[in-house]
Amino acid sequence: MDKEQVTLTIDGKTVTVPKGMVAVDAAKTVDIDIPVFCYHEKLGPFGCCRMCLVEVEKMPKLATACTLNVSQDMVIKTDTPKVKKGRNGVLEFTLLNHPLDCPVCDKGGECPLQDNTFEHGPDLTRMEYNRAHHDKATPLSPVITIDRERCIACQRCTRYSDIIEKDTALVMLNRGFHNEVGTFNNEPYDTRFSGNVVDICPVGALTNTQYRFKSRNWDLKNAESLCAHCACNCNIVIGTRQNRFMRVQAKSSENSVSNDFVDDGWICDKGRFGYQFLESKNRILDPRENGIGDSRAGVIETAKKVAASFKKIAEEHGPDSVGFLGSPFGTNEELYLYQKLFRLGLGTNNIDHKLYADSPGLPVDHYDMEDVESADLVLTIASDPTEELPILDLRLKKAVSSLGTKLAVLSDQQTLMDCFACHSLRYNVGSDGTVLQSLTDGLGKKGFKKNKGFETETGIESDAFKELIASLKKSTKVCVIYNPEKLTGDSVHILKSFLTALDKNSEGTCGAIPAAPATNALGAMDMGVLPDYYPGGIPVSNAAKIRELWGDSAPVTEGASASELIQKAESGELKALWIYRCNPLVDFPGGAKLEQALKKLDLLVVHDMLETETTRIAKVVLPSNGPGYDEGTTTNIGGRVQFRKRGIVTQNPADWKILGAMLKELDIESDYRDSFEVTSEIASTVPGYSEVNRKNLRKFGHQREKVSNPKVPESKGSSEKAPDKNALRLRVSNYLFAHDKILDASSSLAHHFQTSSIYIHEDDAKSLGLSSGAEVTIKSDWGEIKAEVQVNNRCNPGGALVPYISDEQGVASLLNPDGGPTWVTFKN
Amino acid sequence: MKLFLTHNIDTKDLHSIKVYKKQGGYGSLEKAFAKKPDEIVQMVKDSGLRGRGGAGFPTGLKWSFLAKDVFPRYLACNADESEPGTCKDRVLLQKNPHLLIEGMILCAYACQIETAYIYLRGEFYDLAEIMDKALEEAYEAGYLGANILGSGMNLEMYTHLGAGAYICGEESALLNSLEGMRGEPRLKPPFPAVEGLYGKPTVVNNVETLCAVVPIMNEGPEAYAAVGTEKSKGTKLVSVSGHVKKPGNYEIPMGLPTRDLIYDLAGGIRDDNELKAWIPGGSSVPMLPASLVDTPYDYEAIAAAGSMLGSGALIVMDHTTNVVEEALRLAGFYMHESCGKCTPCREGTRWLHQILSDIHLKKGKESNIALLEDICDNMSFKCFCPLGDAAVAPVISSIQNFREDYEELLNLAKAGTAS
Ligand SMILES: Cc1cc2nc3c(=O)[nH]c(=O)nc-3n(C[C@H](O)[C@H](O)[C@H](O)COP(=O)(O)O)c2cc1C
Ligand code: SF4
Ligand code: SF4
Ligand code: SF4
Ligand code: FES
């Protein structure tokens, strides 16, 4: 549907643009800058500041260019005496009661009010009365402070709150000259995306509390980088001064150009305010052996020495006596080199990075985040975007509320997206396999018939389920977003058959977004940090292809998975384990047994950026620089590969450099001079990545080609009955602001930290005699934790939902180490 | 004089449905239901009725602009009456509420509307009670609700009290307020007829406008059009206030000389003083000097004289007045009522008030007049809604017509500082 084009004249220049475009944007296409305050491309026309006055032929009054839809043959003039007087007048009004405290204003140097005044404003003021005064600093929340004196009432922030965040948390209060930005009842402005208003405020009214008075903007060094908190990989700008971290901004039209393939110019508060870990005292700066740190040892030397020890162990006990436990937090380059080190240098496929079942590749198109906007139906499965992938939450809200997209939510828990959904189906915890199988069958010839068995097992009403199937069938573009991490057992494989069935039976096109929340979850799969797949989704069984790409010495037998590595450590089969940016002692089930297993190893190496429970028991600890300091690419949920630039320079060698040295130590050729050279190697060896290059990484990144989908294993499917009638099936959900190693106690987001809670259904509460507020101990076969009961039907009867709120909470200790269901009971 | 709206206004208990019906009330409905909706729109067009809320837009034409085939549609009766000097709607609401209801039913039938609101200014809580009582009676009598008089027409009607903001009289701010949002005007286009209340086609009409539809229906568009001038048809309810002997609401045929209105109907100037200035159509229009008092009171003639008929509120000032005082009062009103959405109005109204206060307190400077004029120029037609232009009108017209009043105060200021 190409929009009708119109041709018009602006200041004598001929412009051809889509009909209905506003004049401000049309002028931009021919480099004519019309000054604005209230207009913002993502918020749309509003017309309140009157800064953008222009003259239009045949119109008696000046028009506001931000609300003026251009039409054929329109003649617009932006530099007539009438326009100049109008703008001058508007600026005089705007500055009339403005404090002009530019010398101490955070916005100074990047302030549209300064810039517009310089360009179009009066030199002097004719105002002879006292300027209005307000408090200079009113906290709206722990992270945002407002200086109401500087507010020019452009309503960008309140419209952002209304149009983008969709919660009208920030509103205009009072009337006329007394209007001011605030919140209902003076409640804190505490949302997941509040910080964006700091970026879009055209003056220094809304300020970042952390950054206030920290630096002049012109003294900042700004690096266009990526947020590393979740797998959206939002584009951020890291500002530093004298190599010290100062602030994070969204990369947007305010400072550059927004990456609409990813974040649409917004970031969440975790991405903005959650970067204090960069200067955390828990950073690992020196290598450490046997608990003794040595700043003179040299990271590379230590790493080379340990690599040689691994080699020795592998030679002595066989290659499968060593293993690698990576993580979805490394860059593609780092993960790629690690798998290469273990496969080619040590000859083992004992490589993994995750606990849940999943295999690379999709049977349908891999959609980019932007596809959410053009889809007419988005189906989320077991996904909780608000807590897991916040920017996806904003994208979905935008699509649903202004682009006509319909949302269907299929989950075992209530999420904040439910109120935007037209189908909101909640299945019983653990019944996802059955639900997905029924969906697959329902789309096919068999169809779906109303059935009591299905209803009791899944908790979903047949009619609602039928409607969902009908919607899926008749939509023209369906985008399925699923979180593999929250599917139980191996039902992710059923999900893939569902995608195949959808592709076959729906009238339109379809695609999917695998939405595991960890920063580079997709990249880790793509880079083959898996026991059964080489990079690019090549299964170990495809020996011919592997030999062709990786040479004759590449191992072609399946290695041990993450949980098998732990088992083998316990049994003594595994002698040496290398852990990279992963903290199994907190994140893996097993509790004390796990710790004992790891302690049994002859050699435990942890390569990480922050001290963790696991670094404490490691024989060798190596520093990893991590986001902010490192450089490399990550692949977001949309398959988009982007470059993460460094913001702060460190003396420690980059991880790719350490890895290069280790590879060399193990006689594998490696002469990388920068991270890009590793990227180029990835482009030439990893299927799907061939088009990734410096040029497209510099712009908006590049969506890698879909990774081939080798035949997925059949699912065993499982839905188990409770072992005793008082047991509930545990579901651990995500909470965006969990108190962990990254958001530690010193974080300015600490006000978001929650206490341990367990959410249960009112039916169960009744039969168990529990009520909201009760302090309980939750017990499983493997461990116990404390929590407060919340009775609020977030999940169906029979389920118990525990949000992961902190490392200390110890949720993982409850979990079934085999990956099977976890049943919990209560002890008062 | 032929009267259409107030001929029986002083009938005892006219506000009760019993009395109203005895006077022939609700008689127009049967006639209307015998016709097609479009025919009614045509009748209103033929009558020449123009909006009585201020802008004087032809009512029938407005109704015909409703987006085709988009439903539901809404009717919002503008009973926000907040323009200083204006109190004509109030008398209709208070004394003849059923006339408004009947007019609204006619409009709803003509425009195929099933939901109607009467938006009353916050201070009209007493009138809201009267209206609510009348609505109750009308529902009971079957004039509202489902299948009205067996015609198949359905109509629900509600009152809604604002919170007392002048800007909520502006139609799009009214709609925002009705939706529970901040009373700020909306961007136009889209106009309410296309996207109004809840994004649906909406008719917004003034109380007096809707009331006038009833006599048009009863007596025919010709009878209505026979009164008035060529382009200003029918009668107008005018609120006369200020230095007259008998301030009040007077229904006059359009085109009556203003002199007759002031000197006959309103009994002349108090103390038989001399007329100095008059504001023809409420605080938002330019004031005129006494020399123009023979101007016929209709849209065209008053526009030709340099002002506007506006809401039909005639404010009269005698020779004892220094118009700066009036300008200051009105500037204070607009400063108070500016919604604050746009910069020139939010800041400009306050600045004008600051300067006028100084002049009034004999603290002004000679340069103030030029400054006032320039501020007015910077505001005029550069604000988001007409309130900003309205705020400028009294200031600029008082300078234009009564510069000597300013100079007098400025000279006193000079003398004061000299001594
Ligand atoms: C600032 C402002 C205040 C207004 N106040 C009123 C009002 O109190 N009552 C009214 O009927 N119209 C008022 N109007 C006019 C309305 O916007 C609208 O034109 C009118 O209600 C339309 O009805 P009509 O066509 O019957 O006149 C106001 C307009 C502006 C700009
Ligand atoms: S907001 Fe801009 S103009 Fe205002 S004080 Fe700050 S830098 Fe100066
Ligand atoms: S706080 Fe900033 S963004 Fe919000 S209205 Fe004021 S100037 Fe605009
Ligand atoms: S002119 Fe602007 S500030 Fe004044 S009332 Fe209209 S929108 Fe509000
Ligand atoms: S930018 Fe056009 S009115 Fe504000």
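Proteins get letters first, then strands, A, B, ... in listed order; numbering begins at 1 in each. Computed from a prediction, not measured in an experiment: that's the story for all the values here. Hydrogens, waters and symmetry mates play no part in the numbers below; they use all other heavy atoms, side chains included.
The cationic atom of B:Lys341 (NZ for Lys, CZ for Arg) lies less than 6.0 Å from the six-membered ring centre of B:Phe384 and within 45° of the ring axis.
Neither the backbone nor the side chain of A:Met51 comes within contact range of chain B; no heavy atom of the residue lies under 4.5 Å from a heavy atom of that chain. The contact between A:Asn174 and chain B is made entirely by backbone atoms, counting heavy-atom distances below 4.5 Å. Both the backbone and the side chain of A:Phe177 come within less than 4.5 Å of a heavy atom of chain B. Contacts of A:Phe46 with chain B are made by both backbone and side-chain atoms, with heavy-atom separations under 4.5 Å. Both the backbone and the side chain of B:Glu337 have a heavy atom closer than 4.5 Å to some heavy atom of chain A. Heavy atoms of B:Cys383 lying under 4.5 Å from chain A belong exclusively to its backbone. For A:Leu53, the part lying under 4.5 angstrom from a heavy atom of chain B is the side chain only. Using a 4.5 Å cut-off between heavy atoms, A:Leu91 makes no contact with chain B at all. Heavy atoms closer than 4.5 Å to chain A are found nowhere in B:Lys188, neither backbone nor side chain.
For the pair A:Lys107 and A:Glu254, the salt-bridge criterion is not met [side-chain N within less than 4.0 Å of a carboxylate O]. Taking the charged nitrogens against the carboxylate oxygens, B:Glu81 and B:Arg121 have no contact shorter than 4.0 Å, which rules out a salt bridge.
Counting heavy-atom pairs closer than 4.5 Å to chain B, the top-ranked of the candidates A:Cys154, A:Gly89, A:Cys48, A:Pro45 is A:Cys48. Contact count against chain A (heavy-atom pairs under 4.5 Å) is highest for B:Asp377 among B:Thr349, B:Asp377, B:Ile167. The most heavy-atom pairs under 4.5 Å with chain B, out of A:Lys61, A:Glu92, A:Arg126, come from A:Arg126. Your options are B:Met379, B:Glu184, B:Arg350, and the one with the most heavy-atom pairs under 4.5 Å with chain A is B:Arg350. Heavy-atom pairs under 4.5 Å with chain B were tallied for A:Val90, A:Thr168, A:Asn69, A:Leu96; the largest tally goes to A:Leu96.
Relative ring orientation between B:Tyr117 and B:Tyr74 is described as tilted, the plane-to-plane angle lying within the 30° to 60° band. Between B:Phe57 and B:Phe65, the angle of the ring planes lies from 30° to 60°, which puts this pair in the tilted group.
Within the 3.5 Å criterion, the main-chain N or O of A:Gly86 finds no donor-acceptor partner in the side chain of A:Arg50.
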Side chain to side chain contact (heavy atoms under 4.5 Å, CB included) evaluation trace for B:Asp374 with A:Lys85:
CA-CA 10 Å; B:Asp374 197 51; A:Lys85 169 132 202 307; 2.8 Å; yes

Determine whether A:Thr67 and A:Tyr39 satisfy the following criterion, side chain to side chain donor-acceptor pair (under 3.5 Å), listing intermediate values before the conclusion.
CA-CA 9 Å; A:Thr67 63; A:Tyr39 181 67; over 6 Å; no

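Partner of B:Val395 under the side chain to side chain contact (heavy atoms under 4.5 Å, CB included) criterion, out of B:Leu352, B:Ile375, B:Ile355, B:Leu330: B:Leu352 alone.
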